[in-house]
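Worksheet: the structure to be examined is printed underneath.
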Amino acid sequence: MDYLKGLNDRQKEAVLHGEGPLLILAGAGSGKTRVLTHRIAYLIEENRIFPGNILAITFTNKAANEMKERIADLLDGNIDDIWMGTFHSICVRILRRDIDKIGFQRSFSIYDRDDQITLMKECIKELNLSKDMYKERSVLATISTLKDSMTPPDTYINENYSDFYSKNVGELYALYEKKLKQNNALDFDDLIIKTVELFKANPTILEYYQKKFKYIFVDEYQDTNKIQYQFIRLLSGQNKNICVVGDPDQSIYGWRGADITNIIDFEKDFENATTIRLEQNYRSTQNILNVANYVIKNNYDRIDKKLWTDNNEGSQVVVENSLDSDEEARFVANKIEEHMKEGYNPSDFAILYRTNAQSRSFEEAFMRRNIPYKLVGGLRFYDRKEIKDIIAYLKLIQNPVDDISLKRIINVPRRGIGNATMEKVEGYASEIGESIYNVLLDVEQIPGLSTRAKNSLKTFIDMINKFMAMREVMGIQEFIEEVVYGVGYIKELEDEGSIESQTRLDNIKEFISVAIDFQVANPEGTLEDFLANISLLSDVDKTEDIDNSVTLLTVHSAKGLEFPIVFMVGMEEGLFPISRALESESELEEERRLCYVAITRAEKLLYISFAKIRTIYGKTNYTLPSRFIDEMPKNLIDMGKQRGGSPYQISGNTRAQSSREQLIRVQDFSKKPSTSRAKTSIDNTKVKEGTKVKHKKWGIGTIVQLKDRGDDKEIVIAFDKAGLKRLLLSIAPIEIVKGE
DNA sequence: GCCCTCTTGTTCGAT
DNA sequence: ACAAGAGGGC
């Protein structure tokens, strides 16, 4: 096997690098994933390194899976033992084994942003602070920064004893941490912090992982924060075989604590480090690359580098000026249709915007024209109320001291446990220092409750206990179905019978099928694994892999991705760069890097568009074109006719339908429940064992089993490529293959 | 205790 | 534009 075939000299050098720290400064599109996969394959095959001795940290789980697949393609043996994933998922894996050593239980919950806000609300209330002065979000932002720099609450309080506001933030920080501990919960920051704490408090555990991970890889190193740096610093302390890959020009997570000095100081931090620069771009045309280079050159705080390419010059970058967001969306839709006539596929296009709210006009335009699309992020499936409720039940069952989850669902669906009752229960619980669940195990001890309230509470706690027992003996999917039906959620929604409740029911079914998928992919997976899995997925991970559709996403989410044709939309002052960045030079430079990331996603064609008027937060304003457009060289861009009206205005817009009718309308979770999930087009009666079907994701397969499940059917399909899958007939995206 | 309506505040990016 | 919260009626 030749691991060097098709690589340039720099890339080869990186693949063949021996021992010791290695920094790969990889410009956009310079083939860093190739280098990483080939290097790992090379280590395993030529240097006889066991896959279990390799740790690779990626930015999304999707990137990890893709990398694993690519390595597997290069090798014969099994590489499942490589630890590959995001910082967060790797840390959860470590903590599930040993977090009890630092005073948490291994069944800990993971709190997402909403949970954090709920918890912070409680803290503010408990300290009798004004909620006008102490905003949960901004207090949490401060706390996150403090946690990242490992500043404990009392240090912060002492440093700020004379500043009333900051001192109180410190008090809130202390209480917040105490409550997390009481709830046996970790927030996202904690997943890394507690791992570092665990390593520091337990040298033997650290040593175990230091010995295990002989080679460590970190992708997108420019976006690591201080605590993540500590984590890899500790882990690589013994073998020093740490290989990081990144591009300072693509550092776009400064607001999340990403510390660009991590990559800039790598050579200082890690003794005898080798640095390799990958500066040949294989992705974009010369024009696109030049535009990107010109824009990024305007950043003052930057190490100069010259990214070049052997690719064609390509077409000019087209700048389009529309009247408003609707016209902008029509322009994009028209261009997509034009290019599709030339032979491009929907999956060749991406729409990149600065803020999620901008997706709407594009969704509407695409829906109207039957252009299939998928939306990354935005109002997400997992953020829907019914899904969060069910997850809260599962979290509570897994970790009964999780009061936040308990309070979320104790009266959902209604079971007559209102605020007055809960105040008494909570009051008593905090008085004796117990979790709410523990107090409820014996409701008689709680003072001041009516018999009716006591009975409602008893019914609730009996139900939860019953679930806890069931969990021990059931598979995840079966268990989740048991919970979903058992708590009465389904019945309440069915009784309601509205379109909205139907959508909610469909979402719950979809959630069950997520559980089925998880169980198929992880036969050994526990409830903890399932919950951690869904809460640590990135937006890119969560987006359904719908074949052949246009991708709509923020520039942040687009990091690491590439598309033949890219539309950068909403290129206006105040939107991109965003208004908040206009006063700060460093924030403006981050916006510029973001712009650089966006431009360099494009392979063949790049469209840039701005609108004359834009409505943001319900207010319509005139806008100016983004300064980043001015920074592009005039000879490389086609400014077209700068005008107000659009030549693409179409009357009636009905004609486009016929030729595109066969294109699948893509399900989209971001919409209000107006459109219920598209049911499978399959006629129930025509499906039997032996029927050949085509699935959107898994391709052709044969039905091997059919089982009744309520008025639905569970089907098992043997796919030619993807193997056996269990699906629910009503929601499976399949169609019967004809002509057999 | 529950539900509906009106008011008020929010206001970028996301594991 | 939109969601969460407060307040009032049942």
Side-chain angles (χ1 to χ4, degrees), chain A residues 57-64 85-92 110-118 121 125 131-132 135-138 140-141 144 148 186-193 220 223-225 227-228 251-258 325 352-361 376-380 382-383 385 411-423 450 452-453 456 532-542 553-559 570 574-582 587 590-591 593-595 597-598 614-621 672:
Chain A
I57 296 168
T58 55
F59 202 70
T60 64
N61 291 292
K62 195 180 171 205
T86 61
F87 274 104
H88 294 87
S89 57
I90 297 287
C91 286
V92 167
I110 299 167
Y111 277 4
D112 65 13
R113 238 183 113 62
D114 285 354
D115 297 326
Q116 286 182 284
I117 288 172
T118 311
K121 262 182 204 149
K125 201 170 156 193
K131 51 185 176 176
D132 293 329
K135 304 275 176 216
E136 300 93 16
R137 288 157 158 272
S138 74
L140 283 167
S144 178
D148 183 35
L186 306 191
D187 63 21
F188 283 130
D189 297 323
D190 282 342
L191 295 176
I192 326 273
I193 292 168
E220 307 285 5
D223 282 322
T224 50
N225 62 24
I227 198 80
Q228 289 165 342
S251 164
I252 55 174
Y253 282 94
W255 48 274
R256 208 170 75 181
S325 61
L352 267 54
Y353 36 76
R354 181 64 180 84
T355 68
N356 277 310
Q358 285 165 259
S359 68
R360 223 181 125 146
S361 34
V376 178
L379 238 170
R380 286 158 290 216
Y382 290 95
D383 287 343
K385 182 185 176 301
N411 204 28
V412 181
R414 308 244 138 63
R415 39 177 85 90
I417 305 171
N419 290 337
T421 304
M422 280 314 286
E423 256 168 45
S450 67
R452 221 171 100 195
S456 306
N533 183 58
I534 57 182
S535 56
L536 297 180
L537 291 178
S538 73
D539 282 340
V540 175
D541 297 329
K542 282 182 222 166
L553 74 181
T554 62
V555 185
H556 280 95
S557 293
K559 184 166 90 152
L575 187 57
F576 199 171
I578 200 117
S579 53
R580 271 183 59 171
L582 296 179
E587 281 183 53
E590 181 150 316
E591 292 291 306
R593 289 193 294 271
L594 196 55
C595 181
V597 168
R614 185 162 301 269
T615 309
I616 302 176
Y617 310 130
K619 280 209 164 79
T620 304
N621 280 312
K672 285 271 168 193

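Residue numbers begin at 1 in each chain, while the letters A, B, ... track the order of the sequences. Hydrogens, waters and symmetry mates are skipped; everything else that's a heavy atom, side chains included, is used. Not measured: the values here are computed from a predicted model.
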Exercise. Is the phosphate of C:dG5, meaning OP1 or OP2, less than 4.0 Å from a side-chain N or O of A:Lys121?
Worked result: yes
Exercise. Is the backbone of A:Leu140 close enough, under 3.5 Å, to the side chain of A:Ser144 for a donor and an acceptor to pair up by distance?
Worked result: no
Problem set entry | Integer-rounded Å distance: B:dA14 C1' and A:Leu553 CG | 13 Å
Seminar exercise, completed: Out of C:dA1, B:dT15, B:dC12, minimum distance to the side chain of A:Thr86 belongs to B:dT15
Exercise. Taking all non-hydrogen atoms of both residues, which atom of A:Asn411 and which atom of A:Gly416 are closest, and how far apart?
Worked result: OD1-N, 3.3 Å
For this session: Could you check whether A:Trp255 and the base of B:dG13 form a stacked pair, meaning centres closer than 5.5 Å and planes differing by less than 30°?
Result: yes
Exercise. Between A:Asn411 and B:dG1, is there a side-chain N or O to OP1/OP2 distance below 4.0 Å?
Worked result: no
For this session: May I have the distance from A:Phe576 (atom CZ) to B:dC12 (atom P), rounded to whole angstrom?
Result: 15 Å
Exercise. With a 4.5 Å heavy-atom cut-off, do A:Val555 and A:Tyr353 have their side chains touching?
Worked result: no
Problem set entry | Nucleotide nearest A:Phe188 (side chain, heavy atoms from C-beta), chosen from B:dT15, B:dA14, B:dC12 | B:dT15
For this session: Can you tell me the distance, in whole Å, between the CG atom of A:Leu352 and the P atom of B:dC12?
Result: 19 Å
Exercise. For A:Tyr253, which contact category applies under a 4.0 Å heavy-atom criterion: base, sugar-phosphate, or nothing?
Worked result: sugar-phosphate
For this session: Please determine, for the side chain of A:Ala420, which listed nucleotide (B:dC3, B:dC12, B:dG1) has the closest atom?
Result: B:dG1
Exercise. Expressed in whole Å, how much space separates the C1' atoms belonging to C:dA4 and B:dG13?
Worked result: 22 Å
For this session: Grab the CD1-C1' distance between A:Ile110 and B:dA14 for me, whole Å please.
Result: 15 Å
Exercise. So, is A:Asn356 near the phosphate of B:dC12, with a side-chain N or O under 4.0 Å from OP1 or OP2?
Worked result: no
Exercise. Nearest nucleotide by nearest heavy atom, which residue falls closer to the 5' end of DNA chain B, A:Gly416 or A:Leu536?
Worked result: A:Gly416
Exercise. Want to settle it: does A:Thr355 or A:Lys135 sit nearer the 5' end of DNA chain B, counting the closest nucleotide to each?
Worked result: A:Lys135
Exercise. Does a side-chain N or O from A:Arg414 land closer than 4.0 Å to OP1 or OP2 of B:dC3, or not?
Worked result: yes
Exercise. How many Å lie between CD on A:Glu136 and P on C:dG5, as a whole number?
Worked result: 8 Å
For this session: Sequence neighbours left out, what passes salt bridge (charged side-chain N to carboxylate O under 4.0 Å, His left out) with A:Asp112? Give chain and number order.
Result: A:Lys388
For this session: Return no unless some side-chain N or O of A:Thr554 is found under 4.0 Å from OP1 or OP2 of B:dA14.
Result: yes
For this session: Please determine if a side-chain N or O atom of A:Arg137 lies less than 4.0 Å away from the OP1 or OP2 oxygen of B:dC12.
Result: no
Exercise. What integer distance in Å separates A:Arg113:CZ from B:dG13:P?
Worked result: 11 Å
Problem set entry | Gap between atoms CD and P, on A:Gln116 and B:dA14 respectively (whole Å) | 16 Å
Exercise. Could you give the CE-to-P distance, from A:Met422 to B:dC2, as a whole number of Å?
Worked result: 12 Å
Problem set entry | Sugar-phosphate, base or nothing in reach of A:Thr421, heavy atoms under 4.0 Å | sugar-phosphate
For this session: Report yes if a side-chain nitrogen or oxygen of A:Arg452 is closer than 4.0 Å to either non-bridging phosphate oxygen (OP1 or OP2) of B:dG1; otherwise report no.
Result: no
Exercise. Looking only at heavy atoms, what is the nearest atom pair of A:Thr224 and A:Phe87, with distance?
Worked result: CG2-CE1, 3.7 Å
Exercise. Between A:Ser557 and B:dA14, is there a side-chain N or O to OP1/OP2 distance below 4.0 Å?
Worked result: yes
Exercise. Shortest non-hydrogen contact from A:Thr355 to A:Leu575?
Worked result: CG2-CD1, 4.1 Å
